[in-house]
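Following: one structure in structure tokens, then a few remarks.
For the numbers below, each heavy atom of this structure counts, side chains included, while hydrogens, waters and symmetry mates do not. Counting starts at 1 for both ligands and their atoms, following the listed order. Positions are given from 1, in the same order as the sequence printed here.
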Amino acid sequence: MSSNVSEAVIIGGGIIGCATAYYLAKAGVSVTVLEKSQIGEGGSSRNGGGVRQSGRDPRELPIAMYGVEHLWPTLSEELGMDVEYYKKGNLRLAKTEAHIKILQGLTDSATKKGLEVRMINGEEVRQINPYLSKEVIGASWCPSDGHANPLLATLAFYKNARRLGARFITGEKVIRIKKIKGKARQVITEQNCYEGENIILAAGFDSNPIAGSIGIHIPMNRVLLEALVTEAQPKMFEQMLGTAEADFYGHQSTHGSFVFGGSSGIDAYTSDYDRPVTNSMTASCICRGIIRYFPELATAKIVRTWAGWVDEAADHVPVISFAEEIPGLILACGFSGHGFGISPAVGKLLSEMVLEGKPSIDLSALRYDRFKAKI
Ligand SMILES: Cc1cc2nc3c(=O)[nH]c(=O)nc-3n(C[C@H](O)[C@H](O)[C@H](O)COP(=O)(O)OP(=O)(O)OC[C@H]3O[C@@H](n4cnc5c(N)ncnc54)[C@H](O)[C@@H]3O)c2cc1C
């Protein structure tokens, strides 16, 4: 029988938990991952696959840039599985002068942090992607952004973490964390108790009640996002697309189908269910977006739609942080709908926090206590 004691216990088997387990197991650390449902059940297998640096808050941009420079390009090779990563750029589209203004602001702050991103006009946009309609009057263009396949990337981290000895227990819902002698030490599930020197909380929105069991509150909302996939189409383009208001995004996958996501604006009113479910209006709303941006796709058939929750932090950037008053606890949640693109880098940084006691990138702006009133 396996022991319930390991050096690290990870709560949540999404891509953050799986990537962290991989980097820890690779360094020889014994790891147990507790997942209440199945691996990748949360946003990690439901997302749009964007691996983007542009449009990021300056506080998390260094993580995104690190991942794109050092991890994503060799990830398929490292994990022995093609995660369908494309580093072919991101066009963040504008249809109005107000959109241009938003994108200009994001571009200015990103270039100050060293990211190569620039504003281009409508004609330049169509030189990069000739399928885009004349409604697009400009865009921000970041050539080193891209996309990957979230299901494959999550699975690849999971399989490799297991290969290196990490233990994954699915159907194991964590209820609370318990302190022993002032340190976070035990993780209590519905039926069992696990122990670890390091407890990493990466359970998406559900991190909140678990952190609450030990006196920590992270201001977060649960927000529903929807996406859809078309039938396979002839190869058209390889860039990732987004918009100034982040209300529409998409890319063409390796086998030809397009994955598009968007919002109808009514999602907040349908988010009271236990499971994320699509509503009757959002898919047609996304389709209207597709037709306006890509008239050529007007007859493409939609084969599947789905919904997923995101853990939206009050200031829209994640919490990746030790909790000093509770030694042994590391928080990794609040990824606010853009955690996939940074997941390899976050997994690596979390492993460094366990192994070396600090991450190699300064994460102090992502501390859990940044929301507290300053006295
Ligand atoms: C439709 C959609 C589109 C998106 N598009 C993008 C995109 O293009 N680019 C991008 O970067 N990001 C995108 N995201 C966001 C991205 O999916 C997430 O930020 C990322 O997957 C977060 O990973 P995670 O491991 O923290 O969370 P999750 O994948 O949600 O994993 C958390 C896990 O914890 C488990 N869990 C919860 N409670 C417990 C408990 N009590 N005990 C044990 N386990 C528990 C859950 O079952 C889940 O498996 C999108 C999200 C959605 C929904």
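Remark: the backbone N or O of L103 is not paired with any side-chain donor or acceptor of S140 at under 3.5 angstrom. Counting only distance, with no hydrogens or angles, the side chain of T154 and the backbone of L151 share no donor-acceptor pair below 3.5 Å. Put simply, the side chain of E352 gets close to the backbone of S360: a donor and an acceptor are under 3.5 Å apart. Although no hydrogens or angles enter the test, the distance criterion places a donor-acceptor pair under 3.5 Å between the side chain of R46 and the main chain of E41. At distances below 3.5 Å, at least one donor-acceptor pair connects side-chain atoms of S336 with backbone N or O atoms of G334. Judged purely by atom type and a 3.5 angstrom limit, Q252 uses its side chain to pair as donor or acceptor with the backbone of M236.
With respect to atom 43 (C) of ligand 1, the closest heavy atom belonging to the protein is K36 N, 3.2 Å. Looking only at protein heavy atoms, the nearest one to atom 20 (C) of ligand 1 is F340 N, 3.9 Å. The closest protein non-hydrogen atom to atom 30 (O) of ligand 1 is G43 N, 3.2 Å. Residue, atom and distance of the protein heavy atom nearest to atom 47 (O) of ligand 1 are E35 OE2, 2.6 Å. For atom 41 (N) of ligand 1, the nearest non-hydrogen atom of the protein is V174 O, 3.0 Å. At the shortest separation from atom 31 (O) of ligand 1 among protein heavy atoms lies G14 CA, 3.4 Å. Nearest non-hydrogen protein atom to atom 5 (N) of ligand 1 is G48 N, 3.0 Å.
Close N/O approach between D311 and ligand 1 is not found [any backbone or side-chain N/O within under 3.5 Å]. In terms of polar-atom proximity, G339 is counted as a contact of ligand 1, with an N or O under 3.5 Å from an N or O of the ligand. For a threshold of 3.5 Å applied to N or O pairs, the pair formed by G337 and ligand 1 contains at least one separation below that value. Considering both main-chain and side-chain atoms, A332 never comes within under 3.5 Å of ligand 1 through any nitrogen or oxygen pair. Checked against a 3.5 angstrom limit, the closest N/O atoms of V310 and ligand 1 fall outside it. For ligand 1, one of its N or O atoms has an N or O atom of S44 under 3.5 Å away. Below 3.5 Å of separation, one finds an N or O of G341 facing an N or O of ligand 1. Among the atoms of D206, some N or O lies under 3.5 angstrom from an N or O of ligand 1. Backbone and side-chain nitrogen or oxygen atoms of N47 are examined, and one is located within less than 3.5 angstrom of a nitrogen or oxygen of ligand 1. At a 3.5 angstrom cut-off on N or O pairs, I342 does not count as close to ligand 1.
Contact annotation: for H147 versus ligand 1, there are no heavy atoms closer than 4.0 Å.
Ring centroids of F157 and Y22 are separated by less than 6.0 Å, placing the two rings close together. Aromatic ring centres of F237 and F258 lie closer together than 6.0 Å. If you look at F205 and W309, their ring centroids are not closer than 6.0 Å. Side-chain rings of F260 and Y293 stay apart, their centers remaining 6.0 Å or farther from each other.
Ionic pairing of K173 and E35 is not present here: no N-O contact between side-chain nitrogen and carboxylate oxygen is shorter than 4.0 angstrom. R367 has a carboxylate O that lies under 4.0 Å from a charged side-chain N of E324, or vice versa, which qualifies the two as a salt bridge.
Atoms of ligand 1 found under 4.0 Å from any heavy atom of I210 (numbered from 1 in listed order, with element): 40 (C), 41 (N). For ligand 1, the atoms sitting less than 4.0 Å from at least one non-hydrogen atom of K173 are 41 (N), 42 (N), numbered in the order shown with element in parentheses. Counting atoms of ligand 1 from 1 in the listed order, those under 4.0 Å from a heavy atom of G308 are 53 (C). Close approach of ligand 1 to L225 is summarised as follows: ligand atoms under 4.0 Å from at least one heavy atom of the residue are 1 (C), 2 (C), 52 (C). Residue-ligand proximity, G50 to ligand 1, at heavy-atom distances under 4.0 Å covers atoms 7 (C), 8 (O), 9 (N), 10 (C), 11 (O). Near I16, the atoms of ligand 1 lying under 4.0 angstrom from a non-hydrogen atom of the residue are 23 (O), 24 (P), 25 (O), 26 (O). Listed by number with element, the atoms of ligand 1 under 4.0 Å from a non-hydrogen atom of R46 are 1 (C), 2 (C). Under a 4.0 Å criterion applied to the non-hydrogen atoms of L34, ligand 1 contributes the atoms 43 (C), 44 (N).
Note on ring orientation: taking the six-membered ring where Trp is involved, the planes of F168 and Y158 are perpendicular (angle over 60°, cut-offs 30° and 60°).
The shell of residues lying under 4.0 angstrom from ligand 1, judged by heavy atoms, excludes R52. The closest approach between Y249 and ligand 1 falls below 4.0 Å for a heavy atom of the residue. Ligand 1 has A202 within reach: a non-hydrogen atom of the residue lies less than 4.0 Å from it.
For the pairing with D145, the side chain to side chain donor-acceptor pair (under 3.5 Å) check across R52, R92, Q53 returns one residue only, Q53.
With sequence neighbours left out, the salt bridge (charged side-chain N to carboxylate O under 4.0 Å, His left out) criterion links E60 to R56.
Other residues, nucleotides and ligands place more than 12 heavy atoms under 6.0 Å from the NZ atom of K87. K235 NZ: more than 12 foreign heavy atoms inside a 6.0 Å radius.
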